[in-house]
Every structure is written in C-alpha cells, then in structure tokens.
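Structure first, commentary second.
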Amino acid sequence: MKTLRQIKVGSHAKVVKLHGEGAVKRRIMDMGITKGVDVYVRKVAPLGDPIELTVRNYELSIRLSDAEMIEVE
C-alpha cells in the first residue's frame with residue numbers, strides 16, 4: 001500500500017482509497033480529496049510537516065498524519 005505521504009515533491013498521484021474513521025475521513029473528503037481525484041505534491045515544509053498539494057485546481061496543505069490515511073497509486 002502506497003500512501004500520499006510517500007509521494008515525492010513534483011509528482012502526481014491518483015487517490016485509490018481513504019482510510020480512517022468518522023470525522024477525520026469526512027474532513028479529508030470535505031477538502032476535495034476523494035476516490036479517483038488526481039493530486040500533485042507541490043512542496044514540503046522545511047521541517048517536513050505539513051505538505052502542500054494541488055487538488056482540483058486549488059492549493060491545500062495537510063498534515064503528514066492525514067496524508068498517511070490517503071492510499072494512492
């Protein structure tokens with residue numbers, strides 16, 4: 001299983017599945033990260049957390065702990 005956390009800066013990935021439960025999973029989906037969407041990893045913060053993504057033509061920063069719940073291919 002490959003997660004969004006493992007994707008290198010400058011790479012694209014397609015979301016396969018969201019792991020997690022309840023409110024956390026709902027929050028990730030509300031940010032536009034749903035099954036089948038293309039995600040581009042733009043930057044990583046100097047200390048490694050958070051990461052900045054481009055999702056559905058807008059920029060989004062998420063924590064590494066949340067990125068770990070997003071399975072990609």
Side-chain angles (χ1 to χ4, degrees):
M1 179 179 90
K2 192 174 192 182
T3 66
L4 189 56
R5 182 178 187 161
Q6 299 164 315
I7 303 299
K8 303 288 182 208
V9 174
S11 301
H12 287 270
K14 185 176 181 179
V15 177
V16 176
K17 185 176 181 181
L18 295 176
H19 298 277
E21 297 289 323
V24 176
K25 185 174 181 179
R26 168 55 51 197
R27 185 168 47 86
I28 292 170
M29 291 175 68
D30 288 346
M31 290 187 282
I33 302 173
T34 56
K35 184 178 176 182
V37 75
D38 185 55
V39 176
Y40 175 70
V41 180
R42 291 176 40 96
K43 298 184 222 176
V44 176
L47 297 177
D49 193 18
I51 59 175
E52 187 175 305
L53 313 170
T54 299
V55 181
R56 302 179 190 261
N57 295 320
Y58 72 93
E59 282 75 44
L60 172 69
S61 293
I62 65 169
R63 298 181 197 112
L64 287 180
S65 59
D66 291 343
E68 191 70 39
M69 296 181 203
I70 303 166
E71 184 178 339
V72 296
E73 62 179 14

Problem - Hydrophobic cluster membership, Tyr40 vs Ile28, 4.5 Å side-chain cutoff - result: no
Handout entry: Note, Val15 side chain near Val55 side chain (heavy atom, < 4.5 Å)
Key = no
Handout entry: Step-by-step side chain to side chain contact (heavy atoms under 4.5 Å, CB included) determination, Leu4 to Leu53
Key = CA-CA 10 Å; Leu4 189 56; Leu53 313 170; 3.6 Å; yes
Exercise for the section: Report yes or no: do Val41 and Val16 belong to one cluster of Ile/Leu/Val/Met/Phe/Trp/Tyr joined by side chain heavy-atom distances under 4.5 Å? Expected result: no
Handout entry: Name of the residue among Val39, Ile62, Ile7, Val37 meeting side chain to side chain contact (heavy atoms under 4.5 Å, CB included) with Ile70
Key = Ile62
Practice task
Taking the side chain as every heavy atom from C-beta outward, state whether Arg56 and Thr34 have any atom pair closer than 4.5 Å.
Solution key: yes
Handout entry: Value rounded to 0.5 Å, distance of CD in Gln6 from OG in Ser11
Key = 12.5 Å
Exercise for the section: Please report the closest heavy-atom contact between Thr54 and Arg42, naming both atoms and the distance. Expected result: OG1-CD, 2.7 Å
Handout entry: Closest non-hydrogen atom pair between Ala13 and Val72, with its separation
Key = CB-CB, 3.8 Å
Exercise for the section: Before giving the answer on side chain to side chain contact (heavy atoms under 4.5 Å, CB included), spell out for Asp49 and Arg63 the whole-Å C-alpha distance, their side-chain angles and the decisive distance to 0.1 Å. Expected result: CA-CA 6 Å; Asp49 193 18; Arg63 298 181 197 112; 4.0 Å; yes
Practice task
Scan His19, Lys35, Lys17 and name whichever one has a side chain to side chain donor-acceptor pair (under 3.5 Å) with Glu71.
Solution key: His19
Handout entry: Side-chain touch Glu59/Glu52, heavy atoms, less than 4.5 angstrom
Key = yes
Completion exercise
Nearest heavy-atom approach of Asp38 to His12 is OD2-ND1, 3.1 Å
Practice task
For atom CZ of Arg27, decide whether the heavy atoms of other residues, nucleotides or ligands shown that lie under 6.0 angstrom number more than 12.
Solution key: yes
Handout entry: Heavy-atom closest contact (Ala67 atom, Thr3 atom, distance)
Key = O-CB, 3.9 Å
Completion exercise
When rounded to the nearest 0.5 Å, the distance separating CE of Met1 from CD of Glu68 is 6.5 Å
